[in-house]
There are 2 protein chains.
Amino acid sequence: MSDVVAIEAPAPDTAEPAASVYELIRDDIISGRLTANQKLIVADLAERFGTSTNPVREALHQLRGEGFVVMTPNRGARVRPMGADFIRDIYEIEVLIEPMLTRWFVRIATDEDIKIVEDLCVRMEQINYSDPPLHGELDTQFHHAMYHRHYNRHAVDLWWKHREILKAMSRRYPTSMARRVAVLKEHRDLLEAIKAHDEERAGAIVALHVEGSGKHIIGQMTTTPR
Amino acid sequence: MSDVVAIEAPAPDTAEPAASVYELIRDDIISGRLTANQKLIVADLAERFGTSTNPVREALHQLRGEGFVVMTPNRGARVRPMGADFIRDIYEIEVLIEPMLTRWFVRIATDEDIKIVEDLCVRMEQINYSDPPLHGELDTQFHHAMYHRHYNRHAVDLWWKHREILKAMSRRYPTSMARRVAVLKEHRDLLEAIKAHDEERAGAIVALHVEGSGKHIIGQMTTTPR
DNA sequence: ATTGCTCATTTTATGTACAAAATCGTCAAG
DNA sequence: CTTGACGATTTTGTACATAAAATGAGCAAT
């Protein structure tokens, strides 16, 4: 009797929670496995995911609402092209939002809060781009640690959505040596401003930081053939 | 996103294009006919619109993607509550975005461009709040005239989406006398700054203008019982 | 040959009907 | 007051029907 129980949960949370159709398509778009303007044919996707068409149709419509997919009546869905101009648009908005979020963090940060971002900063300096994916992950955590508790959920959600797109984008292009050292320095500068509780300076540094990242990626996008 | 077409504009709106289920539900949410947190039952909506369930399901998912609807697995969709905090979130973002859009307009505006916004400004002064809905319409056109050609489509779309929410919200609450005179003055000041091609001043005025509108509505929301 | 057209055929999106699974509400028993 | 069973409600998934659009073969005019 007791040997038939607990078939669920073989481990805490190691097992993936069986990604939804929505997430699968979304990841395919963001990661670039689905190319710009590619047609998203409901029947094909349904077959590929082993479901019927309705889940796909619903996922597509949600993605459309989020802007990842463009739909035209009676002619279906296409992957939203995320070219250099779109990336620029996003960065221009982030240049405004991230300083706002950062200033708030500087205002409310306790010593423990600061300790967390400092640790992340140090780890990034230690690996020194030897492991780009890990650096990217730490970079995201660095900013996330500052922003995630902000009261303006709308702003944080927007930041996160943009972040996911930009993260995926920068994964497709290399980071120049010059930019690498700049990023490390900017993070360090930001950390100092935070420690000094200098709200204005921290905001200004983040603005520069975001702008620099944006300029760099767009440069890579427009020069690299791909 | 950029498929958000020109629904507004002084267009020949003779024959309605038979509003889609999506638009109907969306309008019901924004206008407040559907109240906060109200359950959106697929079968009911389908019956109300005289369609089958699939169009409703797709509309709901798009709305979810746009943030107007909140869905939880196996327990359906609810109207996203748009309380004072959410409105504050939106205004805080607009305080950043609108000045950016305005500055660009000041930079590129020709005399004809300025003429258009001036006319709108004058008309608002003439009706002097005798017709609040009309004032709201002109106000939207005033800003739209400045922003709609901006190269950052993402920012413009975001502004428009926010604008629709805020327009509907302010329609539900009265505008105080003090606020009325302030709005007229701010518009006039802005116009002068534009005419003087003073980018910085125009941006600063818009920031104040948006902030003032936000503060006012939130004040109304938190004091008026409703 | 190439272009541009019609028209039948196939593909695909969109709408309807129904089945399975989950949730919610109610009410009786403890 | 809480628990648990059971029926009604509602969500979620599948299968199919219809209508619109893409495709491509055939053919006439340049």
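Order of the sequence lines sets the chain letters (A, B, ...), proteins ahead of strands, with each chain counted from 1.
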Asker: Mind checking salt bridge (Lys or Arg N to Asp or Glu O under 4.0 Å) for A/Arg163 and listing every partner two or more places apart, or none if nothing turns up?
Answerer: A/Asp139
Asker: Within this structure, what is the CD-to-P distance between B/Glu47 and C/dA17, rounded to whole angstrom?
Answerer: 13 Å
Asker: Among the nucleotides C/dG15, C/dA13, D/dT12, which one has an atom lying closest to any side-chain atom of A/Lys39?
Answerer: C/dA13
Asker: Should A/Arg75 be listed as having a side-chain N or O under 4.0 Å from OP1 or OP2 of C/dT12?
Answerer: no
Asker: Select one nucleotide: of C/dT16, D/dT11, D/dT14, the one nearest the side-chain heavy atoms of B/Thr51.
Answerer: C/dT16
Asker: Return the 5'-most residue of the pair A/Pro73, B/Pro73 with respect to DNA chain D, ranking by each residue's nearest nucleotide.
Answerer: B/Pro73
Asker: Measure the distance from CZ on A/Arg57 to P on C/dT12 and round it to the nearest whole Å.
Answerer: 15 Å
Asker: Record whether the side chain of B/Asn54 comes under 3.5 Å of the base of C/dT16 through a donor-acceptor pair of N or O atoms.
Answerer: yes
Asker: Check every strand shown and say whether B/Thr53 touches a base, only sugar-phosphate, or nothing at a heavy-atom separation below 4.0 Å.
Answerer: nothing
Asker: Round to the nearest Å and state the distance from A/Arg78 atom CZ to C/dT12 atom P.
Answerer: 12 Å
Asker: Send over the distance from A/Met71 CE to D/dA20 C1', rounded to a whole Å.
Answerer: 14 Å
Asker: Could you tell me whether A/Asp119 and A/Lys115 have a side-chain N and a carboxylate O separated by less than 4.0 Å?
Answerer: yes
Asker: Parallel, tilted or perpendicular, judged at 30° and 60°: which one describes the rings of A/Phe86 and B/His154?
Answerer: perpendicular
Asker: Using a cut-off of strictly less than 4.0 Å, decide whether B/Ser52 has a side-chain nitrogen or oxygen near OP1 or OP2 of C/dT16.
Answerer: yes
Asker: Remember a base hit wins even if backbone is also touched, and classify B/Leu40 as base, sugar-phosphate or nothing at under 4.0 Å, heavy atoms.
Answerer: sugar-phosphate
Asker: Which of parallel (below 30°), tilted (30 to 60°) and perpendicular (above 60°) describes B/Tyr147 and B/His143?
Answerer: tilted
Asker: Taking atom C1' of C/dT14 as reference, at what distance in whole Å does atom CD1 of A/Ile41 sit?
Answerer: 15 Å
Asker: Grab the CG-P distance between A/Asn74 and D/dA20 for me, whole Å please.
Answerer: 7 Å
Asker: Would you mind telling me which of A/Leu101, A/Val156, A/Ile108 makes a side-chain contact (heavy atoms from CB on, under 4.5 Å) with A/Arg149?
Answerer: A/Ile108
Asker: Find the distance A/Leu45:CG to C/dT12:P and express it as a whole number of Å.
Answerer: 11 Å
Asker: In whole Å, what is the span from the CD atom of B/Glu58 to the P atom of C/dG15?
Answerer: 7 Å
